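Read the structure below first, then the notes.
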Amino acid sequence: MLRAPSPALNSVEDEFELSTVCHRPEGLEQLQEQTKFTRKELQVLYRGFKNECPSGIVNEENFKQIYSQFFPQGDSSTYATFLFNAFDTNHDGSVSFEDFVAGLSVILRGTIDDRLNWAFNLYDLNKDGCITKEEMLDIMKSIYDMMGKYTYPALREEAPREHVESFFQKMDRNKDGVVTIEEFIESCQKDENIMRSMKLFDNVI
Amino acid sequence: MAAGVAAWLPFARAAAIGWMPVANCPMPLAPADKNKRQDELIVLNVSGRRFQTWRTTLERYPDTLLGSTEKEFFFNEDTKEYFFDRDPEVFRCVLNFYRTGKLHYPRYECISAYDDELAFYGILPEIIGDCCYEEYKDRKRENAERLMDDNDSENNQESMPSLSFRQTMWRAFENPHTSTLALVFYYVTGFFIAVSVITNVVETVPCGTVPGSKELPCGERYSVAFFCLDTACVMIFTVEYLLRLFAAPSRYRFIRSVMSIIDVVAIMPYYIGLVMTNNEDVSGAFVTLRVFRVFRIFKFSRHSQGLRILGYTLKSCASELGFLLFSLTMAIIIFATVMFYAEKGSSASKFTSIPASFWYTIVTMTTLGYGDMVPKTIAGKIFGSICSLSGVLVIALPVPVIVSNFSRIYHQNQRADKRRAQKKARLARIRVAKTGSSNAYLHSKRNGLLNEALELMGTPEEEHMGKSTSLIESQHHHLLHCLEKTTNHEFIDEQMFEQNCMESSMQNYPSTRSPSLSSHPGLTTTCCSRRNKKTTHLPNSNLPATRLRSMQELSTIHIQGSEQPSLTTSRSSLNLKADDGLRPNCKTSQITTAIISIPTPPALTPEGESRPPPASPGPNTNIPSVASNVVKVSAL
């Protein structure tokens with residue numbers, strides 16, 4: 001019995017407080033009105049949502065964990081946080097099914113302008129209406145983080161920054177160092193690649 | 001990828017829209033979802049087992065899933081059934097709750113699975129019936145202890161880079177396994193504790209006689225040697241105590257803790273002895289103080305887990321111990337009184353007073369039976385035997401409680417240790433699964449383009465090739481592919497990464513024109529015009545790693561072969577980079593284009609150009625089996 005002691009023998013004699021939160025979404029009809037999904041699509045979405053989050057809401061930790069399952073090689077937690085903030089429109093720290101479906105409705109069934117708006121909202125971290133280089137750099141770094149370490153060619157420190165520079169070169173029309181929503185939409189509409197790729201995931205649901 | 005999370009894949013893919021404005025290259029096409037999943041939904045069909053019940057039964061509890069409108073989300077119009085993809089065993093308990101109003105906890109069920117199911121159906125665990133509530137709470141407590149243990153050990157093993165020196169020291173003291181220095185320190189102190197205890201013991205052993213005086217204990221015969229040993233040990237202990245005091249996060253709490261008091265008590269006699277030298281009056285008291293040196297043995301409890309468990313058990317069994325003491329006291333007083341009055345009559349009885357009888361009672365009840373006090377009267381003997389019989393009972397009662405407490409805590413610690421030992425294996429398995437999924441992506445990248453092209457071409461006989469990866473997998477791979485396009489970097493596996501690092505640091509970049517590439521005017525014009533050329537080697541099969549890379553190059557070539565002009569700006573910007581921006585062509589690599597190009601060179605290129613999406617080599621359409629075999633060989 002002569003071996004090093006384990007970490008402190010704290011006993012867990014406390015009673016467990018009940019901390020289940022149950023959130024139920026509005027009815028199917030209301031969601032159908034509010035979003036552009038069909039009834040069947042909403043059903044499918046809800047089942048997936050409820051499976052992973054039986055309590056009806058997803059908080060940031062859960063969200064990050066779910067999202068990280070899709071990117072085994074890199075670290076997707078920062079980007080997941082940004083996504084979470086983009087979905088959590090009322091900023092109450094949790095994404096309910098309504099938030100979730102509302103966001104998806106914009107992304108998948110909205111007009112191109114709606115989608116560009118949503119993307120702009122994602123990039124604009126402090127929601128002040130314009131994207132600064134620092135915000136874009138944070139976003140870029142989080143995207144590059146998802147690649148992980150083992151990439152080809154090997155990721156350098158300056159790669160995100162250069163990417164941000166090229167992004168600003170393309171988007172910032174008046175060269176004032178920030179990208180406003182109008183500049184963003186205008187520049188994106190001029191770029192065929194972006195226009196086409198915005199429609200890429202239409203049939204995801 | 002976990003099966004449960006597959007339901008969130010559409011969300012992850014939709015969220016990829018956040019990358020689109022940032023990307024500079026066009027994205028690959030999404031895999032077509034030809035047959036949309038038809039969900040089979042059956043009313044209250046839980047994973048295949050049908051349950052039927054009245055609607056009013058379910059509506060008894062309107063704040064649960066089944067009782068509210070939430071279940072409409074699970075309704076299938078086609079079969080007019082509600083389908084739940086959950087455990088049917090637990091659903092039985094859930095449904096019985098609606099029927100009888102009592103929720104039961106089946107013993108064979110895992111506690112966390114059961115909790116998950118209850119959370120899903122919106123039922124609070126608190127309403128578990130009294131019959132099953134104890135079991136539920138016990139299991140839940142065990143589970144939480146396990147989780148806490150896991151968290152603790154996780155926290156302990158996390159590397160905290162920004163620890164101050166003081167914190168590192170404290171961590172080293174508390175967990176000797178964190179560094180070799182800590183381990184050395186741990187063993188050294190343990191050794192000195194043992195030495196000190198042994199010297200204390202040996203000091204008193206009679207050691208032979210010095211001529212002309214009586215037998216002396218070793219301590220007085222070799223007093224100098226023992227004094228040196230004692231000094232050394234005390235110095236080590238003092239240094240250790242001061243170091244711990246320095247490193248402790250909360251010094252006040254440390255000074256009050258039991259271990260530090262033991263430390264102080266263990267070394268105090270020495271210093272007091274130094275101070276009071278050769279003063280005859282107090283040397284008696286001093287000798288008594290030496291008794292406290294034996295407390296050094298308690299310092300071993302830092303080194304022995306079992307001792308700590310014992311101490312902890314005693315602490316946690318305080319109430320049982322108290323009860324034992326109280327009942328014993330009661331019994332002792334009763335029997336002592338009885339014995340005293342029973343023996344009062346006999347002459348020369350040793351039972352002179354009730355307190356004197358206490359000694360007899362204690363010795364008898366603990367079944368020691370020294371025999372120094374024995375009853376002589378018949379009544380005395382009768383009561384004496386009753387005393388010894390009851391003694392066995394009274395002592396035996398609380399002991400199992402203490403023992404069970406001890407064993408519970410001990411086993412819990414054993415389990416924690418076992419779990420820690422298994423954790424390494426478990427983490428290794430998780431890591432393998434993770435690399436498995438990323439390797440799956442890398443592997444399918446080689447074949448992936450084929451699948452996309454096949455789907456686009458829609459040739460029926462090629463469908464079977466596309467089915468090698470499920471739809472979900474192909475969608476996942478498409479997602480990862482989009483990420484690659486956004487960042488203009490590719491995923492590779494670890495060995496290739498090491499190889500690339502080594503090569504990039506070692507080699508120059510040759511630039512010879514590749515003859516095989518130039519045989520493809522359609523392919524080479526757009527992509528190779530701005531790029532350095534590769535050296536071609538005969539495709540041999542010794543280096544699978546580079547072949548993988550070359551297949552990746554091939555895939556990228558073909559993608560870029562049909563790019564828009566806007567891409568070339570970024571391509572050139574990449575080419576301008578001295579180091580990594582240069583595409584793989586600058587490394588020595590094998591081109592398997594030779595293999596692929598052979599089957600149908602001219603027929604390909606117009607198709608390769610006309611198709612805007614990332615077209616894979618079209619050999620598959622014309623000579624399916626040959627090309628597919630060829631490709632497969634090269635991809636191995």
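Numbers restart at 1 for each chain; the letters A, B, ... are given by sequence-line order, proteins then strands. Note that this is a predicted model, so its numbers are computed, not measured. Side chains included, hydrogens not; waters and symmetry mates left out as well; all remaining heavy atoms used.
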Check this for me: does any side-chain nitrogen of one of A:E165 and A:K133 sit under 4.0 Å from a carboxylate oxygen of the other? yes
So that I can tick it off, tell me whether A:K190 and A:E186 are bridged by a salt bridge, with the cut-off set at under 4.0 angstrom between side-chain N and carboxylate O. yes
Does [X] have its ring centroid less than 6.0 Å away from the ring centroid of [Y]?
| X | Y | value |
| --- | --- | --- |
| B:F491 | A:F71 | no |
| A:Y144 | A:H163 | yes |
| A:Y150 | B:H489 | no |

Tell me, out of B:L483, B:T69, B:D115, who's got the most heavy-atom pairs with chain A below 4.5 Å. B:L483
With a 4.5 angstrom heavy-atom cut-off, could you sort out which part of [X] is near chain A: side chain, backbone, both or neither?
| X | answer |
| --- | --- |
| B:L65 | both |
| B:S316 | neither |
| B:D63 | backbone |
| B:A15 | both |

Please classify the contact of [X] with chain B as side chain, backbone, both or neither, using a heavy-atom distance under 4.5 Å.
| X | value |
| --- | --- |
| A:I139 | neither |
| A:P160 | neither |
| A:S166 | side chain |
| A:F184 | side chain |
| A:L104 | side chain |

Could you work out, with side chain to side chain contact (heavy atoms under 4.5 Å, CB included) as the rule, every residue matching A:V164, not counting sequence neighbours? A:M136, A:L137, A:M140, A:F168
Quick one: list whatever passes side chain to side chain contact (heavy atoms under 4.5 Å, CB included) with A:Q32, sequence neighbours left out. A:R39, A:L42
Measure up the B:F300 and B:H303 rings against each other and bin them: parallel (under 30°), tilted (30 to 60°), perpendicular (over 60°). perpendicular
Mind telling me whether B:F74 and A:Y46 have parallel, tilted or perpendicular rings, with 30° and 60° as the class edges? perpendicular
With A:F167, which residues qualify under ring-ring contact (aromatic ring centres under 6.0 Å, His included), at least two apart? none
Test item: B:F11 and A:I66 side chains (from C-beta on) under 4.5 Å apart, heavy atoms: no
When only heavy atoms count and the cut-off is under 4.5 Å, which of residues 108-125 of chain A reach chain B? A:L108, A:R115, A:W118, A:A119, A:L122, A:Y123
